[in-house]
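These notes are about the structure you will find just below.
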Amino acid sequence: MKSKSLTLVLAGLFILSFGLFAAGQQEGSKSDDKITLGTSIRTLQNPYQANYKVGGDLFGATVGMEQVVLTCEGSSEKQLNDIKALVAKTGAKMVLMVDPNEAPNVVPIGRAMEDAGVYWVSWWNKPDEVKVMDYPHWVAHISYDGLGGGEFTAQALIDSIGGQGKIIALQGMLANSVAQNRFKGLQNVLAKNPGVELVAYEAADWDRSIAYDKTLSMLVANPDIKGVWAANDNMALGALEALRSKGLAGKVLVTGLDGVDEIMTAIQNGEAAATVYNDSKYQAGIAHALALAAYRGELDVASLPAEKRQFFANAVNVDANNVQEVIDVYVNGTPKYDYTDLFGAWARAMK
């Protein structure tokens, strides 16, 4: 799978304009007084997740609203309880952006939001059988394409070892639909490359420390591996630390997904083969833009076609060929986002 053109993605996503929110409310829409932007995520310790906060603050500044960030630290029960507590605290005068801890968690979250009449947008995680259209206040569910991302990074890793040899893999949380799709992408590419053998794989739950330990353990049994595929950058960096401890960094390459700063540097240094930049700053901002437009009555959720209620968004594939350009635009700077183009990142419908 070839890397998408960064220029085309930028053209689709990032043209600064705030007309939708500066123009004022339409007649009959709700008051914006003391509206809270709620953001529910796993943690602020992961650089990718931490950028959700950055993105929410950026959007909040354009509309004069405060963001409240809730972190569940891997507990689906805590995530739900914290969201309910924020609804109670704000009197439901809020909108919500949520990255569900696990796919099944969207069902109780959806019920709670319907009971409270709170508009919300989710990213990444939901069961396939759960349909956004069945929840009037669930504006949209969006995901970067995990299957395509897993395929891109898998092929990049295989190309880096000349299409021959043994590799190991680090999965995300097994109940997480994104983790499942990314691992399926790896399996799809392996099926087309019989010269490469996946000799071991372990779930490391998106965690850097767990990935470090799991990689060391797999290296004991498989000292002759040529590459490490990881379902996100956090785990890839844990694997890289393990490889460094064994003097294998740069000899055994890693791949990840999400596009955190450290993995970009690792690509530049020849320690990683690829990542996929999923812009979590954009994710938070556009999720709040969608939910707020629905709250204000500027977006008629019920009239949206199904393909605009649950869909995949464009991301940026990154390897040695374009890593410096991505660093310049995203890591060392912040793009100017067009929050008025609510579906500017739309790539394809989600079944």
Side-chain angles (χ1 to χ4, degrees), residues 3 43 45-50 149-173 179 182-183 185-187 189-190 193-278 317-327 331-332:
S3 175
T43 183
Q45 303 307 309
N46 179 321
Y48 171 78
Q49 296 251 325
E151 290 176 343
F152 169 73
T153 55
Q155 191 61 60
L157 184 64
I158 288 171
D159 290 345
S160 76
I161 63 174
Q164 298 288 327
K166 301 176 181 179
I167 65 171
I168 60 175
L170 295 163
Q171 297 171 277
M173 297 179 72
R182 290 176 178 181
F183 190 65
L186 168 65
Q187 293 172 310
V189 172
L190 286 171
N193 290 271
V196 178
E197 181 183 4
L198 179 63
V199 293
Y201 55 93
E202 296 278 355
D205 298 341
W206 306 125
D207 187 274
R208 186 168 180 160
S209 297
I210 296 174
Y212 174 85
D213 293 336
K214 297 279 189 176
T215 301
L216 285 179
S217 177
M218 287 188 282
L219 282 172
V220 172
N222 305 280
D224 57 343
I225 63 163
K226 291 187 175 181
V228 181
W229 180 94
N232 80 341
D233 287 339
N234 217 35
M235 296 187 298
L237 291 166
L240 183 54
E241 289 177 11
L243 293 171
R244 286 170 178 161
S245 74
K246 298 296 184 180
L248 295 174
K251 300 174 184 176
V252 175
L253 300 189
V254 304
T255 62
L257 293 97
D258 292 339
V260 303
D261 298 6
E262 286 182 80
I263 206 73
M264 303 288 188
T265 302
I267 293 173
Q268 287 184 309
N269 293 341
E271 295 175 319
T275 187
V276 175
Y277 187 85
N278 297 322
N317 294 336
V318 186
D319 58 19
N321 295 316
N322 69 339
V323 64
Q324 187 58 56
E325 186 180 5
V326 175
I327 288 172
V331 179
N332 294 335

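Sequence positions, counted from 1, serve as the residue numbers for this chain.
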Without placing hydrogens or testing angles, list every side-chain donor-acceptor pair under 3.5 Å for residues 214-223, not counting sequence neighbours.
| from | atom 1 | to | atom 2 | distance (Å) |
| --- | --- | --- | --- | --- |
| T215 | OG1 | A211 | O | 2.7 |
| N222 | ND2 | M218 | O | 3.1 |

Which donor-acceptor pairs under 3.5 Å do side chains of residues 197-206 form with protein atoms, sequence neighbours excluded?
none

Once side-chain contact (heavy atoms from CB on, under 4.5 Å) is applied, do any residues pair with D207, and if so which ones, sequence neighbours excluded? S209, I210
Please test D258 against N234 for side chain to side chain contact (heavy atoms under 4.5 Å, CB included), starting from the C-alpha separation and ending with a verdict. CA-CA 9 Å; D258 292 339; N234 217 35; over 6 Å; no
Looking at Q45, I want to see if its CD is surrounded by more than 12 non-hydrogen atoms of other residues, nucleotides or ligands under 6.0 Å. no
Minimum heavy-atom separation for A236 and A230, please, with both atom names. N-CB, 3.6 Å
Closest non-hydrogen atom pair, Q49 against T43: CB-O, 3.0 Å
I327 CD1 to I267 CD1 distance, which is reported to the nearest 0.5 Å: 8.0 Å
Pair up each side-chain donor or acceptor in residues 163-172 with any protein partner under 3.5 Å, not counting sequence neighbours, and list the distances.
| from | atom 1 | to | atom 2 | distance (Å) |
| --- | --- | --- | --- | --- |
| K166 | NZ | D224 | OD2 | 3.1 |

Distance in Å, T275 OG1 paired with I263 CD1, rounded so as to fall on 0.5 Å steps: 6.0 Å
Residue pairs, two or more places apart or on separate chains, that pass salt bridge (Lys or Arg N to Asp or Glu O under 4.0 Å) and touch residues 225-241: R208-E241
Gap between atom CG of N278 and atom CG of N232 - 0.5 Å precision: 10.0 Å
The reported gap from OH in Y48 to CG in L257 (rounded to nearest 0.5 angstrom) is 10.0 Å
When rounded to the nearest 0.5 angstrom, what distance separates CG in D319 from CZ in F152? 4.5 Å
Here the pair of heavy atoms bringing L157 nearest to V228 is CD2-C, 3.7 Å
Which heavy-atom pair separates L253 from A272 by the least distance, and what is that distance? CD2-N, 4.2 Å
Looking at residues at least two apart in the chain, or sitting in another chain, which of them share a side-chain contact (heavy atoms from CB on, under 4.5 Å) with V189? E151, A154, Q155, I158, N193
